[in-house]
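I'd like to ask you about the structure that follows.
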Amino acid sequence: MEKTIDETIQGTSLSGTHNNANARKLYIESYGCAMNFSDSEIVASILATEGFNTTQNLEDADLVLVNTCSIREKAELTVRKRLEKFNAVKKNRPHLKVGVLGCMAERLKSQLLEEEKIVDMVVGPDAYKDLPNLIKEVDEGRDAVNVVLSKEETYGDIAPVRLQTNGVSALVSITRGCDNMCTFCVVPFTRGRERSRNPQSILEEVNDLWEKGFKEITLLGQNVDSYLWYGGGLKKDFVKASEMQKATAVDFSNLLGMVAEAQPKMRIRFSTSNPQDMTLDVIRTMAKYDNICNHIHLPVQSGSNRILKEMNRLHTIEEYFKLIDNIREILPDCAISQDMISGFPTESEEDHQATLAVLEYVKYDFGYMYLYSERPGTMAARKLEDDVPMNVKQRRLAEIIALQREHCKFRTEEHLGNIEEVLVEGTSKKSNAHWMGRNSQNTVVVFPKGNYKVGDFVNVKISDCTSATLIGEALGYSKN
């Protein structure tokens with residue numbers, strides 16, 4: 001739950017590509033967080049060199065891959081239903097092979113492959129470069145599996161195909177794995193220990209995206225503020241680094257500045273931050289560069305110090321509030337969003353009221369709020385009883401959502417009368433006559449199309465709003 005889940009894109013397949021030299025077709029669906037969608041582009045890039053074009057037509061596919069998520073039970077249930085569908089298609093296309101990628105693959109490898117026999121191939125998040133060998137195995141009639149977690153793999157040498165994008169915004173992965181061991185989360189077990197990508201390869205990817213016409217990137221990681229490059233290797237081994245490695249190490253604030261300077265007209269976003277790792281240097285770097293967007297996703301999870309301790313979150317509410325205060329002081333117009341879990345084991349009514357108090361203190365611009373869902377293999381599942389009744393969880397979550405909606409409206413109304421730069425992403429869902437884009441704070445803005453086009457930076461005067469969307473009129477191109 002540390003990672004933001006966009007419900008509107010769950011289960012989408014990569015758009016089609018056509019290379020006359022490629023004779024086979026790959027159909028790939030993604031579930032879960034942005035990291036999974038980014039990984040699917042890496043997989044498509046690897047398999048493009050192995051003779052596969054991507055297709056969005058399942059009935060044409062020779063290979064079906066599902067990139068999976070273990071964060072929530074809902075995602076796993078959805079994937080199981082999709083696997084049943086793919087096996088039904090197999091009856092008419094007996095040569096069709098089905099594989100599971102990602103976090104769920106690692107966790108359920110034996111069950112999916114040996115017990116239920118609903119897939120031909122299981123591939124963990126660090127094994128995508130082994131796909132050509134695994135595909136040869138299944139082509140020859142053998143099941144194939146590689147879920148070995150790596151201490152080095154970052155896929156920094158793979159240029160992802162950009163099939164999951166509007167041609168304007170792209171994801172750039174900078175770290176893999178996580179060391180935090182939050183008791184509710186499976187990520188450290190499914191994606192392994194934390195390691196960072198070579199900053200030079202990140203800059204090369206960003207520069208290449210700009211050359212291809214992209215106008216915005218999101219630096220992506222389980223915990224971006226924990227980024228640390230000292231020549232390669234796990235972050236936990238930095239203590240063993242040489243004095244030269246320590247002196248030349250690149251942390252996240254350094255990387256953020258390097259990327260901002262490399263492409264000063266490109267918008268820079270990042271996700272996700274962890275309160276324990278975010279530094280004032282990062283906030284000051286954001287303030288220094290106009291092209292770094294004023295939005296921080298800062299998951300709090302609970303307002304109760306007791307529950308935070310049970311979650312193994314390494315911040316207190318007092319420390320969190322101090323960080324919020326520093327952000328407000330250094331970046332007064334910065335939007336802040338949250339993740340919250342309702343009904344974590346042993347959560348009392350007093351704990352819940354403390355969470356509501358956090359909402360009142362911060363007044364987040366938006367948030368992602370969930371019922372606690374016990375994930376097998378996590379420390380919480382092993383050590384804590386899921387003892388909060390479902391009706392209590394649901395009531396508490398409803399109260400959290402209701403209060404967040406009030407604050408969404410409050411924050412959105414703060415933009416009224418402003419002139420704000422908007423990057424046009426596409427046509428509004430509600431009107432073909434309007435463009436939709438986002439401002440620096442990541443709030444959706446709609447305005448009449450006029451002569452503008454997708455990818456333009458436009459100054460928009462905000463005249464009206466709903467609780468989640470700003471409405472305005474274009475005044476002209478921005479300085480970009």
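Values in this document were obtained by computation on a predicted structure and should not be read as measured data.
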Aromatic ring pairing Y320/Y364, orientation class (parallel under 30°, perpendicular over 60°, tilted between):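 Tilted, since the angle between the ring planes falls between 30° and 60°.
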Practice item. Determine the minimum heavy-atom distance between Y27 and T55, stating which atoms define it. Key: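 Nearest pair, atom of Y27 first, then T55: CD1-O, 3.4 Å.
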- Item | Closest approach of E137 to A144 (non-hydrogen atoms, all atoms of both residues) |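 Shortest heavy-atom contact: CB-CB, 3.8 Å.
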- Nearest heavy atoms of L255 and P199, plus distance in Å: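 Scanning both residues completely, I find the closest heavy atoms to be CD1-CB, 4.0 Å.
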query: Between L371 and M390, is a side-chain contact (heavy atoms from CB on, under 4.5 Å) present by the stated rule, with each step listed?
result: CA-CA 9 Å; L371 293 175; M390 180 54 71; 3.8 Å; yes
Report task. May I ask you to check whether D277 and N223 show a side-chain donor-acceptor distance below 3.5 Å? Result ->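 A pair is found: one side chain offers a donor N or O, the other an acceptor, under 3.5 Å apart.
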Q) Does V445 reach the side chain of T469, with side-chain heavy atoms less than 4.5 Å apart? A)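 No. Closest side-chain heavy atoms not under 4.5 Å.
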message = Pair M340, T355 - check side-chain contact (heavy atoms from CB on, under 4.5 Å), show working.
response = CA-CA 8 Å; M340 280 188 179; T355 296; 3.5 Å; yes
| Any side-chain heavy atom of R193 sitting closer than 4.5 Å to one from D179? |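 In short, these two side chains touch, coming nearer than 4.5 Å.
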Considering all heavy atoms, the nearest G426-W435 contact: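 Looking at all heavy atoms of both residues, the closest pair is O-CE3, 3.3 Å.
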Can you list every pair that meets salt bridge (Lys or Arg N to Asp or Glu O under 4.0 Å) and has a residue in residues 376-392, with sequence neighbours left out?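 Qualifying pairs, neighbours excluded: D386-K393.
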Is there side-chain contact between D126 and R195, with at least one heavy-atom pair below 4.5 Å?
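Yes - at least one pair of side-chain heavy atoms lies under 4.5 Å apart.
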Could you tell me if S273 and D225 have a donor-acceptor pair between their side chains, going purely by distance under 3.5 Å?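 Looking only at side-chain atoms, S273 and D225 do form a donor-acceptor pair, the distance falling under 3.5 Å.
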Discussion item. Assess the residue pair V123 and D130 against the criterion (side-chain contact (heavy atoms from CB on, under 4.5 Å)); give the C-alpha distance rounded to whole Å, side-chain angles, the decisive distance to 0.1 Å, and a yes or no.
Written reply: CA-CA 9 Å; V123 190; D130 197 30; over 6 Å; no
Between D351 and R396, does at least one N-O distance fall below 4.0 Å, as a salt bridge requires?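 No.
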* Asked: Ion pair present between E406 and K363, side-chain N to carboxylate O less than 4.0 angstrom?
  ->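 Salt bridge flag = no for K363 with E406.
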Note to self: Under the rule for salt bridge (Lys or Arg N to Asp or Glu O under 4.0 Å), what residues qualify as partners of E399, not counting sequence neighbours?
What the structure shows: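 Scan of E399 (salt bridge (Lys or Arg N to Asp or Glu O under 4.0 Å), adjacent residues dropped) gives R395.
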| query | Atom CD of Q222 and atom OG1 of T175: how far apart are they, to the nearest 0.5 Å? | reply |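 That separation rounds to 6.5 Å.
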Can you name the closest pair of heavy atoms from S440 and R269 and give their distance?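 It is O-NH1, 3.1 Å.
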- Query: Going by an N to O cut-off under 4.0 Å, is there a salt bridge joining E205 and R197?
  - Reply: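 Answer for the salt bridge query: yes.
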- Would you say the side-chain atoms of R267 and S169 include a donor-acceptor pair closer than 3.5 Å?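 The answer is no; no qualifying pair exists.
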> Is D456 paired with K215 through a side-chain N to carboxylate O contact shorter than 4.0 Å?
Replying inline: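 No, this pair does not count.
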ask   = Can we say E140 and K136 salt-bridge, meaning some charged N sits less than 4.0 Å from an Asp/Glu carboxylate O?
value =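 Salt bridge absent between E140 and K136.
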Practice prompt. Applying salt bridge (Lys or Arg N to Asp or Glu O under 4.0 Å), run through E84 and R80 and close with a yes or a no.
Written response: CA-CA 6 Å; E84 291 172 9; R80 285 189 174 281; over 6 Å; no
Can you see whether D339 engages H297 through a side-chain donor-acceptor pair at a distance of less than 3.5 angstrom?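 Yes, a side-chain donor-acceptor pair sits under 3.5 Å.
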ask   = Does a side chain donor of either T427 or K449 reach within less than 3.5 Å of an acceptor in the other side chain?
value =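 T427 vs K449: donor-acceptor pair found between side chains.
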Check: Side chains of E194 and S226: do they bring a donor and an acceptor to under 3.5 Å?
Finding: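 Result is yes, a qualifying pair exists.
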Q.
Contact between T78 and K81 at the side-chain level, heavy atoms closer than 4.5 Å - yes or no?
A.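 Of all side-chain heavy-atom pairs linking K81 with T78, none is under 4.5 Å.
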**OP:** State, with a plain yes or no, whether a side-chain heavy atom of F37 is found less than 4.5 Å away from one of E41.
**Re:**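 Contact flag for F37/E41 side chains = no.
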> Between the main-chain N or O of A380 and the side-chain N or O of T183, is there a donor-acceptor pair closer than 3.5 Å?
Replying inline: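 Judged by distance alone, no pair lies under 3.5 Å.
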**OP:** Go through the side-chain N and O atoms of S40 and S30 and say whether any donor and acceptor fall under 3.5 Å apart.
**Re:**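 A pair is found: one side chain offers a donor N or O, the other an acceptor, under 3.5 Å apart.
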- Message: Tell me the closest heavy-atom pair linking L384 and P345, and the distance in Å.
- Response: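 In this case the closest contact between L384 and P345 is CB-CB, 3.8 Å.
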